Amino acid sequence: MKKSISLRVNDQERNLEVEPRTTLLEAVRDQLGLTGAKLGCDIQVCGACTLLLDGKPVSACSVLAVDAEGCSITSIEGLSQGDTLHPIQQAFMEFGALQCGYCTSGFILTAKALFDENPKPSEQEIREYLAGNFCRCGCYQEIMQALKNVRREG
């Protein structure tokens, strides 16, 4: 039996009908068409499915949509302002911190949460915060360069 839930997604109120077993990732991708977050490992390990839930990064493959009732969700689609990219998105482009792009939204959203908590994190703090995100293309050096640049600019 489906349940009605309300979420605030990228600053817009959204009402959904979901099965109790529907994950937040499935709801956001399949019902709202926001496909930036990807299904990777499906066991909360790789970070490809990261969304911000009330400003904190979560593995959306492991959160039930019904448990997010009334919460604020931010997806990668909600970061830019029209044609203007978020500074973290811009830095990823400038430093080539994306290859296939599969993991990119997870890294960017996790980094946004970090910079919201701590605008001037050390390199070690950046590495520790991003520990749950994996890039199979091996762009770690470029990702660190991009984020260190955001830290300097911010």
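Everything numeric in this text was worked out from a predicted model, so none of it was measured.
- Of the inter-residue distances, the one linking L51 atom CG with T110 atom OG1 reads 10.0 Å to the nearest 0.5 angstrom.
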Check: residues 36-47 side-chain donor-acceptor pairs under 3.5 Å, at least two apart:
from	atom 1	to	atom 2	distance (Å)
K38	NZ	T35	O	2.9
K38	NZ	G36	O	3.2

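- Under the side chain to side chain contact (heavy atoms under 4.5 Å, CB included) test applied with I88, the options N149, L109, L114, L147 reduce to a single match, L147.
- Between the side chain of Q31 and the backbone N or O of E17, at least one donor-acceptor pair lies under 3.5 Å.
- Looking only at side-chain heavy atoms (C-beta outward), Y102 and C137 stay at 4.5 Å or farther from each other.
- Residues P87 and V150 come closest through the heavy atom pair O-CG2, 3.8 Å.
- Using a 4.5 Å heavy-atom cutoff, the side chains of E123 and R151 are in contact.
- Looking only at side-chain heavy atoms (C-beta outward), S80 and H86 stay at 4.5 Å or farther from each other.
- Under a 3.5 Å cut-off, the side chain of N10 and the backbone N or O of S75 do form a donor-acceptor pair.
- Note: F107 and Y140 have perpendicular aromatic rings, judged against thresholds of 30 and 60 degrees for the angle between ring planes.
- Applying the side-chain contact (heavy atoms from CB on, under 4.5 Å) test to R14 and every residue at least two apart in sequence or in another chain returns V9, Q12, L32.
- Taken from CG in L34 to CZ in R29, the straight-line distance is 9.5 Å, to the nearest 0.5 Å.
- The side-chain contact (heavy atoms from CB on, under 4.5 Å) search around V63 returns L24, V58, not counting sequence neighbours.
- Smallest separation of non-hydrogen atoms from I73 and A68: CD1-CB, 4.3 Å.
- Sequence neighbours left out, the pairs with a member in residues 48-71 that pass side-chain hydrogen bond (donor to acceptor under 3.5 Å, both in side chains) are K56-E117.
- For Q141, the side-chain contact (heavy atoms from CB on, under 4.5 Å) partners at least two apart in sequence or on another chain are Q145.
- Taking both residues in full, the closest heavy atoms of A27 and L16 are given as CB-CD1, 4.1 Å, listed atom of the first, atom of the second, then distance.
- A distance of 7.5 Å separates OG1 of T22 from NZ of K2, quoted to the nearest 0.5 Å.
- A continuous path of Ile, Leu, Val, Met, Phe, Trp and Tyr side chains, each step under 4.5 Å between heavy atoms, connects I108 with L98, placing both in one hydrophobic cluster.
- Note that CD1 of I76 is 4.5 Å distant from CD of Q89, once rounded to the nearest 0.5 Å.
- Side-chain contact between P121 and I126 is present, with at least one heavy-atom pair separated by less than 4.5 Å.
- Connectivity analysis of hydrophobic side chains (ILVMFWY, heavy atoms under 4.5 Å, direct or indirect) links L85 to M93.
- Here the closest non-hydrogen pair linking L25 and C61 is CB-N, 4.0 Å.
- Note that the CD1 atom of I5 and the SG atom of C71 stand 9.5 Å from one another [nearest 0.5 Å].
- The number of heavy atoms from other shown groups lying within 6.0 Å of CD (Q81) does not exceed 12.
- Between the SG atom of C139 and the CZ atom of F95 there is a distance of 13.5 Å, given to the nearest 0.5 Å.
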